[in-house]
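One structure is given below, encoded as structure tokens.
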Amino acid sequence: MPRVRIAPSPTGPLHIGTARTALFNYLFARHTGGTFVLRLEDTDVARSTLAFEEDILAGLDWLRIAWDEGPDSAGGADRGPYAPYHQLQRIERHRAAAANLLARDLAYPCYCTPEELEADREAQAAAHEPPRYVGRCANLTPAERAAREAEGRRGALRFRVPPGVVAFDDLVRGRIEIDTANIGGDFVIVRSDGTPLYHFAVVVDDADMAMSHIIRGEDHISNTPKHILLFRALGHAVPAFAHLPLILNPDRTKMSKRKSQTAISDYIAQGFVQEALVNFLALLGWSTGTEEEILTLDEIAARFDLDHVQKGGAVFDRERLEWLNGQWIRRLEPDDLIDRLEPFLQRELDAGRIDRLPGREELRALLPIIQERLPRLDAIGDLTGFLWVDRLEPDPTTIVPKRWDGATTREALAEARATIAGSASPVTFEADELEPPLRALAEARGWKAGDLFMAIRVAVTGRTATPPLFDTLVALGRDRTLGRLDRAIALLS
RNA sequence: GCCCCCAUCGUCUAGAGGCCUAGGACGCCACCCUUUCAAGGUGGAGACCACCGGUUCGAAUCCGGUUGGGGGCACCA
């Protein structure tokens with residue numbers, strides 16, 4: 001059975017690109033009946049934090065990308081037969097592997113100083129040569145090493161890169177061959193402080209955890225020969241590789257925090273729903289091969305295959321995400337939608353933009369007229385906020401419809417108020433009863449119904465774009481409707 | 001600079017030699033519906049399949065080159 005993994009490092013919040021890679025690994029595991037593993041690459045102690053680890057787990061959890069093995073919770077216990085799944089806790093495994101390579105002279109200690117290495121790079125740049133380690137410490141005698149150690153210098157460990165071509169059959173790109181002469185010379189696998197570097201730790205852990213497929217971003221293609229060389233040196237079977245196309249900024253460079261919104265948590269905060277984000281991410285670089293495009297996570301897993309993974313990078317098209325989000329919001333069951341809306345209403349309350357929280361039943365009654373008007377959950381405030389505020393302060397100039405003047409508007413609102421007050425009794429204040437008499441009023445006075453309705457709309461909601469007017473009046477209730485009309489009339493005087 | 005990867009409407013993509021005078025979706029435009037805004041419906045503009053040369057009876061699909069774009073070259077991950 002396939003074993004795949006996502007190995008994020010907790011040096012930042014869950015990134016869109018990491019989430020997409022996690023999703024593809026998850027989908028591959030679900031489709032093939034394999035196992036999906038989550039491993040935290042926290043060896044960069046200086047930059048890793050528990051808060052980021054929490055963000056990553058929470059984000060994957062929110063996306064419903066469930067891992068079969070890995071950390072149960074941030075900083076908590078690990079679950080699975082290959083625990084621990086925190087890379088830092090596997091340090092002894094890395095040390096043992098490093099000692100093994102050193103003992104077999106497949107790796108050697110390097111005492112070059114940062115200054116020496118920097119000078120090498122500068123000389124190479126000046127000579128228009130690619131940067132590579134020159135091998136200064138590659139053939140030190142035991143005596144020379146001892147001398148350096150005696151000076152108190154601590155060596156980093158470098159892997160001896162053998163000459164030749166490393167080839168692999170990428171599951172999405174086909175055969176790729178890279179001459180080891182082009183990978184930069186012998187590379188460091190253990191820092192002088194004894195901690196392992198990414199390229200080394202990742203291979204030791206992937207080997208230990210019996211990974212069968214490595215599905216990751218295209219930016220790792222050039223690193224693959226290093227990994228393959230290490231798998232071989234360590235005496236492990238080399239897993240299959242599949243390199244996914246990159247997610248791009250609008251200018252087609254690798255998606256970055258600088259140019260795009262990359263944190264999953266920001267998308268959550270903006271009211272994107274899980275279904276939409278997963279659907280969107282799955283379709284970035286992959287397709288069903290058919291014209292289906294609105295799919296649940298399970299439907300996607302059932303159809304997923306590496307054959308339909310695109311080779312070229314994909315621009316993150318936020319407009320399309322927003323459209324998909326609207327599609328999914330419209331498909332949500334009422335209770336579900338209400339549950340998801342509540343935090344956003346709470347946020348409106350906390351920000352002082354509304355004065356009270358609507359009850360579930362109040363919201364439920366509104367759903368038929370607002371569900372299709374929500375591109376994102378965070379639009380709930382703009383769409384319905386006027387219903388939950390005690391006092392409205394509409395701008396008098398916006399109450400007056402384009403073709404009308406202040407006096408006409410004032411007169412129209414006064415007559416509309418009288419019509420509403422007279423025609424609709426408190427117990428049957430319903431949309432169907434409100435509309436005919438107001439249309440009749442407009443007709444009788446020679447006003448365009450749309451102008452009258454717009455004046456009422458702004459007077460009562462403060463906005464020019466709202467859910468259907470009469471349903472809105474009903475939601476507001478008779479007393480508040482009349483009160484707001486009075487207030488608007490006063491404002492126009 | 002060196003190495004590697006990629007190349008179908010603005011964007012996401014279908015397409016695995018004839019079904020393609022290239023299909024769908026987002027976005028855009030128009031119309032319909034309509035009290036505003038949405039949603040929905042209908043229609044439209046939009047890609048000489050980057051370019052050049054092969055292979056073939058026939059190429060978006062295969063091969064080579066060119067150009068363009070991207071990624072990688074750390075005691076970061």
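Fair warning: this is a prediction, and the values are worked out from it, not measured in the lab. The analysis underlying the following values was restricted to heavy atoms, covering all of them including side chains, and did not include hydrogens, waters or symmetry mates. Each chain gets a letter, A, B and so on, in the order its sequence line appears, and its residues count up from 1.
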For [X] and [Y], which I'm curious about, is there any donor-acceptor pair between the side chains at under 3.5 Å?
X: Y111(A); Y: E144(A); result: no
X: T466(A); Y: R457(A); result: yes
X: H243(A); Y: H220(A); result: no

Using a heavy-atom cut-off of under 4.0 Å over every strand shown, decide if [X] touches base, sugar-phosphate, or nothing.
X: L246(A); result: sugar-phosphate
X: H220(A); result: base
X: S9(A); result: sugar-phosphate
X: P467(A); result: base
X: D219(A); result: sugar-phosphate
X: T43(A); result: sugar-phosphate
X: P468(A); result: base
X: F470(A); result: base
X: R463(A); result: nothing
X: Q327(A); result: sugar-phosphate

Original post:
So what's A30(B) paired with, Watson-Crick or G-U wobble, going by both distances under 3.5 Å?
Top reply: U42(B)
Whole-Å [atom1] distance, [N] and [M]:
N: A60(B); M: G18(B); atom1: C1'; result: 13 Å
N: U56(B); M: C48(B); atom1: P; result: 28 Å
N: A25(B); M: C63(B); atom1: C1'; result: 33 Å
N: C20(B); M: U61(B); atom1: C1'; result: 11 Å
N: C9(B); M: G15(B); atom1: P; result: 16 Å
N: C6(B); M: G43(B); atom1: P; result: 39 Å
N: A59(B); M: C19(B); atom1: P; result: 11 Å
N: C28(B); M: U67(B); atom1: C1'; result: 30 Å

**OP:** Output all residues satisfying ring pair (Phe, Tyr, Trp, His ring centres under 6.0 Å) with H86(A), sequence neighbours left out; order by chain, then residue number.
**Re:** none
**OP:** Measure the CG-CD1 distance between N223(A) and I178(A) for me, rounded to the nearest 0.5 Å.
**Re:** 9.0 Å
Original post:
Taking the six-membered ring where the residue is Trp, are the ring centres of W286(A) and F304(A) under 6.0 Å apart?
Top reply: yes
Subject >> Test: R20(A) cationic atom under 6.0 Å from F24(A) six-membered ring centre, within 45° of axis >> reply: yes
Original post:
Is R158(A) positioned over the aromatic face of F187(A), cation under 6.0 angstrom from the ring centre and no more than 45 degrees off axis?
Top reply: no
**OP:** Give, ordered by number, those residues of residues 127-139 of chain A having at least one heavy-atom distance below 4.0 Å to an atom of RNA chain B; if nothing qualifies, reply none.
**Re:** H128(A), P130(A), P131(A)
**OP:** Could you tell me whether the side chain of R439(A) has a donor or acceptor atom within less than 3.5 Å of a complementary atom in the base of U35(B)?
**Re:** no
Subject >> Selected nucleotide, minimal atom distance to K254(A) side chain, candidates A38(B), U35(B), G72(B) >> reply: G72(B)
Original post:
Mapping A449(A) and R191(A) onto RNA chain B by nearest heavy atom, which one lands closer to the 5' end?
Top reply: A449(A)
Subject >> B/S/- contact track for nucleotides 3-17 of chain B, protein heavy atom under 4.0 Å >> reply: SSSS----BBSSS--
